[in-house]
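Since the structure comes first, as structure tokens, the remarks are kept for the end.
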Number of protein chains: 2
Amino acid sequence: MQADKDAFRAFLRDHNLPATPQRLAIADTVLGTDRHLSAEEVAQELKTRGASAGTATVYRTLEVLVRSGLVVERDFGEGFKRYEAARGVPHHEHLLCTVCGRVTEFRDERLERMTTLLAEAHDFSRQRHRLVIYGLCGECRRGSGRASR
Amino acid sequence: MQADKDAFRAFLRDHNLPATPQRLAIADTVLGTDRHLSAEEVAQELKTRGASAGTATVYRTLEVLVRSGLVVERDFGEGFKRYEAARGVPHHEHLLCTVCGRVTEFRDERLERMTTLLAEAHDFSRQRHRLVIYGLCGECRRGSGRASR
DNA sequence: ATACATGCAAACGTTTTGCATATCC
DNA sequence: GGATATGCAAAACGTTTGCATGTAT
């Protein structure tokens, strides 16, 4: 993910966008975790590490990160969006624990093919798809619950 | 769908909920179409047919309809929710045209099974899943576009 | 009669925007 | 120095809630 951080600096440079401390801190936060953070969580995380940025800056920087391709925006129907480091990983699906909110990723080739075929069967040309499986993660099922994430 | 409307009246009766004209009009609107309406579209549709209801009433009635099981709430990540007549149809997936917003449904048994297996493979116990395939519907691909839906 | 629904307007949580000020290059 | 970012507060968006009033049974 150091590579990603460098890539972000390069992106900023290439687009004549100032590399401000806020931008770099936000990028560090999002690119340095495999969690799927909400904008609010990003802001909190910043404070934890001593940095900090106004809400507007957080949103605006997340937008830049998404444009750079280094971060992907996700909507799991929770009423807010989450942001995930792209890590050059191709498309994948998500499992969302309905108790603790933990997000797990997985990739399945069959699914990729199926969605294309299913779309065609209904006279659609597939652009992308999104699968979220809601359920209980192992920890929560076993009652060894934790607060969140 | 007349059956559904009757079922809603029965639901109201059984739960000692007054069958107000607003509730019946909203139920008629949602149960009488196979479209996936947003709350705002429901309100507009009401006006079109001479009826009308305040925003709060629309939302509150949609909630009752969902509780009755006659309507299902959907979130396709568009920033708002849509409401779909359940029609006794079991779970199904959705195709969403990214140009005109048209929603098409389909059912696939393999997918049902796959999601359960995929969840298990990741130590999750599946509760439900949501698959949305985004793409171009036939009409929009052929350029015979239409305004919305 | 009485419990419940309605409509309005205010509150909500998330995200966006306007603008004066501060910062990067 | 000049373009661009920041932070704040206000607005926007879909949705929810409080409350005075109206209505179904």
Side-chain angles (χ1 to χ4, degrees), chain A residues 8-30 36-47 50-68 71-84 101 148, chain B residues 8-30 36-47 50-68 71-84 101 148:
Chain A
F8 186 53
R9 294 190 94 108
F11 178 87
L12 292 176
R13 200 180 322 113
D14 294 352
H15 293 256
N16 293 310
L17 300 173
T20 64
Q22 290 90 335
R23 277 182 177 156
L24 298 178
I26 293 166
D28 270 23
T29 301
V30 181
H36 299 61
L37 302 170
S38 65
E40 199 197 345
E41 286 173 326
V42 171
Q44 276 182 249
E45 197 67 35
L46 285 180
K47 275 181 197 148
S52 142
T55 313
T57 300
V58 171
Y59 280 103
R60 286 189 278 231
T61 300
L62 287 171
E63 197 192 315
V64 176
L65 281 162
V66 169
R67 278 209 305 274
S68 79
V71 165
V72 181
E73 187 180 88
R74 305 280 179 196
D75 185 339
F76 296 142
E78 302 165 288
F80 56 85
K81 289 171 190 155
R82 291 178 182 251
Y83 297 84
E84 172 196 344
S148 106
Chain B
F8 186 54
R9 294 191 95 107
F11 179 86
L12 293 175
R13 202 179 322 111
D14 295 351
H15 293 256
N16 294 309
L17 300 173
T20 64
Q22 290 91 334
R23 277 181 177 158
L24 298 177
I26 293 166
D28 271 24
T29 300
V30 181
H36 299 62
L37 303 170
S38 65
E40 198 197 347
E41 284 174 327
V42 171
Q44 275 182 250
E45 197 67 34
L46 285 180
K47 274 182 197 146
S52 142
T55 313
T57 299
V58 171
Y59 280 103
R60 286 189 280 232
T61 301
L62 287 171
E63 197 192 315
V64 175
L65 281 161
V66 169
R67 278 208 305 274
S68 79
V71 166
V72 181
E73 188 180 88
R74 304 280 181 196
D75 184 338
F76 296 143
E78 300 167 291
F80 56 86
K81 288 171 191 154
R82 291 178 182 252
Y83 298 85
E84 170 195 346
S148 100

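Since this is a predicted model, take the numbers as computed values, not measurements. Just so we're on the same page: letters track the sequence lines, and every chain starts at 1.
Between A27(B) and F8(B), the closest heavy-atom pair is CB-CD2, 3.4 Å.
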Check against side chain to side chain contact (heavy atoms under 4.5 Å, CB included), L24(B) and R9(B): CA-CA 8 Å; L24(B) 298 177; R9(B) 294 191 95 107; 3.5 Å; yes

Side chain to side chain contact (heavy atoms under 4.5 Å, CB included) between L17(A) and R23(A), intermediate numbers included: CA-CA 10 Å; L17(A) 300 173; R23(A) 277 182 177 156; 3.7 Å; yes

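Per the geometry, CG belonging to L62(A) stands 12 Å off P belonging to dT6(D), to the nearest Å. One can place CG of N16(A) at 13 Å from C1' of dG2(D), the figure rounded to the nearest angstrom. Summarising the geometry, the separation between CZ on R23(B) and P on dT23(D) is reported as 15 Å, rounded to the nearest angstrom. For the pair E41(A) CD and dG13(C) P, the interatomic distance rounds to 16 Å; values are reported in whole Å. Atoms CG (L46(A)) and C1' (dG7(D)) sit 14 Å apart, rounded to a whole Å.
Sparse packing is recorded around CD of E40(B), with 12 or fewer heavy atoms of other residues, nucleotides or ligands lying under 6.0 Å away.
At a threshold of 4.5 Å between non-hydrogen side-chain atoms, the residues T61(B) and Q22(B) do not count as touching.
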Contact pattern, 5' to 3', of nucleotides 14-25 of chain C - B, S or - by protein heavy atom under 4.0 Å: SBBBB-----SS

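Here the options are V64(B), L65(B), V71(B), the test is side chain to side chain contact (heavy atoms under 4.5 Å, CB included), and the partner is I26(B); only L65(B) passes.
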